Protein chains: 2
Amino acid sequence: MKDCTQCVVRNRAICAGLEPDELDTLGQLGRRQRVKKGQTVVWEGDDSVVVANVIEGVLKVSMSISDGREQIVGVVFASDFIGRPFGQQSPYSVTALTDAELCIFSRSTFDSFARQHPALEHKLLRRTLNELDRAHEWMLLLGKKTATERIATLLLEMSARLGETGCSAENGALDAFELPLDRQQMGDVLGLTIETVSRQLSLLKADGVINLPDRRTVAIQNRARLQDLSAAA
Amino acid sequence: MKDCTQCVVRNRAICAGLEPDELDTLGQLGRRQRVKKGQTVVWEGDDSVVVANVIEGVLKVSMSISDGREQIVGVVFASDFIGRPFGQQSPYSVTALTDAELCIFSRSTFDSFARQHPALEHKLLRRTLNELDRAHEWMLLLGKKTATERIATLLLEMSARLGETGCSAENGALDAFELPLDRQQMGDVLGLTIETVSRQLSLLKADGVINLPDRRTVAIQNRARLQDLSAAA
DNA sequence: GGCGTTCCTTGATTCAGATCAACGAATAGA
DNA sequence: TCTATTCGTTGATCTGAATCAAGGAACGCC
């Protein structure tokens, strides 16, 4: 990689705030890679070989049971970090939901760089703590929420996260956005079947809470109502 | 606090590996505190005022919805770390399941100490990454596993974690142990009702997989079978 | 533009687990 | 020791979401 100072996620990824010389060193260690929609970057159970920053695109983080049941445990966006540092094996798979661009590091190389740069480890720690908070929130959803509440929560979360990703000028939640997930994937995030997801979306549409101009796009028409339905803690 | 070098969790808590002088400084910042079973140490939504190491006992980490539904998102044991460092608010409550002893720090004091001691932050990072792995595993359970699979998984997990906690000589999984959770709490960890938990335990007992000498103790009689039933990934 | 495929929706039916209900066993308190 | 209360078990019934089934809409490919 040449020049991290030109990187589009420069100010949001974990590299933000590194000293110029540190940034340069790190830049030498990484390489940019494009991945196609559907391509798996990291395999569950395999040796943890790489970690990466997401420069562009959306990917899913998933775990599965041997009989094929799959749970999506995370959805990552531009500027997010993927992979399992400081671990021999990856407990999950990472797969592109859209075409994506990554900034990839060998895991062991990244580990040792991080160990020598506390500022980077600190960023990584904060990020991991935030992810843990989100995981906890999702455990509440999976353990206790109804189908309607789950769908409402997902739509609000997507609206918020896709909003962050946009340019820093308008940084709020989006009222209309394109879902990076198909119905099956929404089900795999929410612990529901594809049919239940579809039905719940149809209900929300019939109630005028959202609109669905095409299969992938959602327009929130009554955010307050959607918030009520999500049973926000 | 006087002397961290005598602490029973000395070698397993995040303070392990600090230099003697660092350990001494940290020791000055913390204070030991006993908490009674049922007592809540941290409240969901409140300012994140304290963090702590668990010296002895078991505590639950939980989140809830305003109508009272509660999900237990973590169970912590001796040598584990509790609280939310680097955050203004605590996203969860922490409540003692048994009488417990903690080594408490003011959150802000701990934060600044940590920022100045990369070795400590590194330990915290590794611990947080492990917790995140566990949270992901649990999301798979909550999203996709059946009641039987959930119970089997919980029993194996408890067996393993209570085993670690014991003296380092016999460090394996225990075949007989006392549950730190009552039936309701097991339900709140597993996303099940108390009745379903009770029924599933009765079934496992009837099948000779486990024995239940009294309400709080479990004896695993056929670990291989229990592992099969847990649908291990 | 036609055709096959994939994705989504909707309807009918089933079922795992929730809810409702009652009772029994352990524990604590007087 | 007796009694109140909490906790756990078991049974009967209900229900939300899963499963089974069919058709329809969008998309990619020739």
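Within every chain, numbering begins at 1; the chains are lettered A, B, ... in the order of the sequence lines, protein sequences first and strands thereafter. Remember, it's a predicted structure, so these values are computed and weren't measured experimentally.
When side chains are defined from C-beta on, A:Gln71 does not count as touching A:Asp188, because their heavy atoms never get closer than 4.5 Å.
Within 4.0 Å of B:Gly191, counting heavy atoms only, lie sugar-phosphate atoms of the nucleic acid but no base atom. Using a 4.0 Å heavy-atom distance criterion, B:Leu201 is classed as making no nucleic acid contact. Nucleic acid contact for B:Ser202: sugar-phosphate only, since backbone atoms but no base atoms lie under 4.0 Å from a heavy atom of the residue.
Side-chain atoms of A:Arg223 and A:Ser159 form a donor-acceptor pair, as typed in the model, at a separation below 3.5 Å. Remark: the B:Thr217 side chain and the B:Glu178 side chain contain no N/O donor-acceptor pair separated by less than 3.5 Å.
Checked against B:Met186 for a side-chain contact (heavy atoms from CB on, under 4.5 Å), the options B:Ile72, B:Thr196, B:Leu201, B:Ile194 give a single hit: B:Leu201.
Taking the side chain of B:Thr196 as heavy atoms from C-beta on, and the options C:dG17, D:dG11, D:dA17, the nearest nucleotide is C:dG17. Considering only the side chain of B:Arg183, D:dT9 comes nearest among D:dT9, C:dT19, D:dA18. Here the side chain of A:Thr193 is nearest to one of C:dC8, D:dA17, D:dA18, namely D:dA18.
In this structure, B:Arg127 places its CZ atom where more than 12 heavy-atom neighbours from other residues, nucleotides or ligands lie under 6.0 Å away.
What separates CD1 of A:Ile194 from P of D:dA21 is a distance of 17 Å, to the nearest Å. The distance from atom NZ of A:Lys37 to atom P of C:dT6 is 14 Å, rounded to the nearest whole Å. If you take NZ of A:Lys145 and P of D:dA17, they are 13 Å apart, rounded to a whole angstrom. In this structure, the CD atom of A:Glu178 is 15 Å from the P atom of D:dA26, given to the nearest Å. Atom-to-atom, CZ of B:Arg69 to C1' of C:dT19 comes out at 15 Å; the value is rounded to the nearest Å. Between A:Gln200 atom CD and D:dG16 atom C1' the separation is 10 Å, expressed in whole Å.
Here the CD-CG distance, from A:Glu101 to A:Asn53, works out to 11.5 Å after rounding to the nearest 0.5 Å.
An end-to-end axis angle of 50° holds for the helix from C:dG1-D:dC30 to C:dA30-D:dT1, taken from five base pairs per end and rounded to 10°.
Judged by distance alone, the side chain of B:Glu70 and the main-chain N or O of B:Ser62 form no donor-acceptor pair under 3.5 Å.
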Salt bridge (Lys or Arg N to Asp or Glu O under 4.0 Å) between B:Arg216 and B:Asp214: does it pass, once the steps are laid out?
-> CA-CA 6 Å; B:Arg216 286 283 184 152; B:Asp214 72 74; over 6 Å; no

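If you check distances only, the side chain of A:Arg199 does reach the base of C:dG11 with a donor-acceptor pair under 3.5 Å.
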Each nucleotide of nucleotides 21-28 of chain C classed B (base within 4.0 Å of a protein heavy atom), S (only sugar-phosphate) or -, in 5' to 3' order, makes ----BS--

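For A:Phe81 and A:Phe105, the distance between ring centers is not under 6.0 angstrom.
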